[in-house]
Amino acid sequence: MTKFRVRFAPSPTGPLHIGGVRTALYNYLLARQQGGSFILRIEDTDQTRYVPGAEAYIVEALRWCGLELDEGPGIGGDYGPYRQSERKDLYQKYAQQLLDQGQAYYAFDSAADLDRLRAEYEARKAVFRYDNSTRMDLLNSLTLPTDEVKRRLEAGEPYTVRLKIPRDEEVSIQDRIRGTVTFKSNELDDKIILKADGLPTYHLANIVDDHFMEISHVIRGEEWLPSTAHHIYLYRFLNWESTMPQFAHLPLILKPKGKGKLSKRDGAKLGIPVFPLAWEGDRPEDSFAGFREFGFLPQAVNNFLAFLGWNPGTEQELFSMDQLSTDFSLERIGKSGARFDYPKARWFNQQYLIATPDVDLVALLRAHDTDGLTTDRSDAFLAAFAGLMKERVQVLPEFWEAGYYFFGPVRDYETKMIRKKWKPERRAAFDALRDRWAELEDFTAAGAEALVKAFMEEQGWGFGDVLPILRLGLSGTMKGPSVFAIGALLGREEVSQRLQLAYDYFDQYHREQASA
RNA sequence: GACCCCGUGGACGAAUGGGAUAAGUCACCGGCCUUUCAAGUCGGAGGUUGCGGGUUCGAGGCCCGUCGGGGUCGCCA
């Protein structure tokens, strides 16, 4: 049995789209499950679209997601080099073999010639295709006399090499997700396999690399399904068909709302992340925040992504990477497009925040602290804060939005609650309670609770008379953790000062209301 | 336009070689808990499986047609 080897083969043309991350994840999961290898191969054969920094971004994104590579650029392995730009000679050799075998031919048509043809066809509402029905009318080694071809080649005229697709055949792809998919060869165009710059196109490079890297399974996006027929021909002509990898074409990820596949524009438009990490483009509109910056945990992103096109067939939804790698299977990947459901992603993240120990949340909080709130706070304080707030937020930045009052004064009070609950004649009693709380020997949540209960009993008041006042006084809002816990974390001095300030404000507010 | 893929409640999706009242999750609504909010828990509303034929004792799973969505048709991947 051949070893299970899969590759993730992105093109370094910009930040990795979240769909690419999912493809990488699926490859990684299967590699781990099968005890195989997960390989990164950089497909940088298009020099015009090369973006500096993109490769580093890809590596960093995979690292953040915890998708550990077994082989790749900068990592090594026995099948390198892992950048296609460093394998140029290999491709030329096999293009030449196909030429020699008569299964490929030289084409001298310029890009401008072809553009013109396409425009002409389009004007007639037709689509031009360089294929077995048109190639005999074009400028190539099939139509030109042999010595003319030779002359052009020797004169160094630019040329491309095209795959000569046979006529009147049928090619079938055995797809692990879609079953048998059949194409008629007459519907296939003569794809360019070697460009005028001497570099291969995806099709050739991909087949040669997958062959020599002994890739056993090609798991990629559905957009590759139509060209897989060409790839079959390439394997066949190169006499590699018997060791050809198995194919699995993944369903696309669809927009959160409306029609079409998820695009990077959706990110900006809807204010949601569509990249794993932030990317700095040349222009502001080319720069994006990623899932990391939006405050997602990588485990949550993986779990969410795993379910975009796959499900275990059980009711379980929360999966660690270990569980995923044992339960994941090609058979359970769906065929229809998966909608990008952002609220669901947030839900996953909340589940992971709750499951993360408070002490482990501390570093994350510090990393997401853009206002310097945590600088002079101890780890213990932040851990306690995290514990109090984590089940009330879904993404990291919401810790600050919902719990800012742990780090500074209350910014505003819910006035309708003041109106409802504050009775100026009780000021003296509340002042007394404040003093007793500040002097409390057992300054804990439990201690405060005991104290307040005793106070209520003395006054003959209920919880509703006291708790809302204290809550409002300490946090300004009716939402949040237990008042006693808030007080315990804030500390004696802060509790005393805040309540003093709040009571004054409540009194003032009451007077304004009365005179208005 | 041609070819290919897909089509189950608002969203994700289970029912994986046709066989019993079409799971579950997210979102929504309500109860409980907390005299807060969330979390948790219990319950509710919401699909007859795009539509029309056909095969079958029986179809969401098969066949045909149709509509809708998507992908591809580059010297991009």
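Residue numbers begin at 1 in each chain, while the letters A, B, ... track the order of the sequences.
- Across the strands present, B:A38 finds no partner; the criterion is a Watson-Crick or G-U wobble pair with both atom distances under 3.5 angstrom.
- For B:A14, one of the phosphate oxygens OP1 or OP2 lies less than 4.0 angstrom from a side-chain nitrogen or oxygen of A:Asn311.
- The gap from the P atom of B:G24 to that of B:U41 amounts to 14 Å, rounded to the nearest Å.
- Seen from the ring of A:Tyr26, A:Arg22 counts as a face-on cation partner, given the 6.0 Å and 45° thresholds.
- Rounded to a whole angstrom, the distance from the P atom of B:U56 to that of B:U48 is 27 Å.
- Of the side-chain N and O atoms in A:Thr45, one or more sit less than 4.0 angstrom from OP1 or OP2 of B:A77.
- Comparing A:Trp347 and A:Gln350 by the nucleotide of RNA chain B whose heavy atom lies nearest to each, the residue mapping closer to the 5' end is A:Trp347.
- Comparing the C1' positions of B:G53 and B:C26 gives a spacing of 37 Å, expressed to the nearest Å.
- Annotation: B:G13 and B:G50 have their P atoms spaced 14 Å apart (nearest Å).
- B:A38 sits 12 Å from B:G31 when the P atoms are compared, rounded to a whole Å.
- Nearer the 5' end of RNA chain B, as judged by each residue's closest nucleotide, is the contact made by A:Arg471, out of A:Arg471 and A:Arg162.
- For the pair A:Arg339 (side chain) and A:Lys255 (backbone), a donor-acceptor distance under 3.5 Å is present.
- Closest to the side chain of A:Thr201, out of B:A77, B:G70, B:C12, is B:A77.
- With a 3.5 Å ceiling on both atom-pair distances, the Watson-Crick or G-U wobble partner of B:G7 is B:C67.
- Atoms CD and CD, from A:Glu170 and A:Glu187 in turn, are 10.5 Å apart once rounded to the nearest 0.5 Å.
- For the pair A:Arg411 and A:Tyr404, the cation sits on the ring face: its NZ or CZ lies under 6.0 Å from the ring centre, inside 45° of the axis.
- Donor-acceptor pairing under 3.5 Å, judged by distance alone, is present between the side chain of A:Arg392 and the base of B:C37.
- The phosphate of B:C75 has OP1 or OP2 within less than 4.0 Å of a side-chain N or O from A:Arg118.
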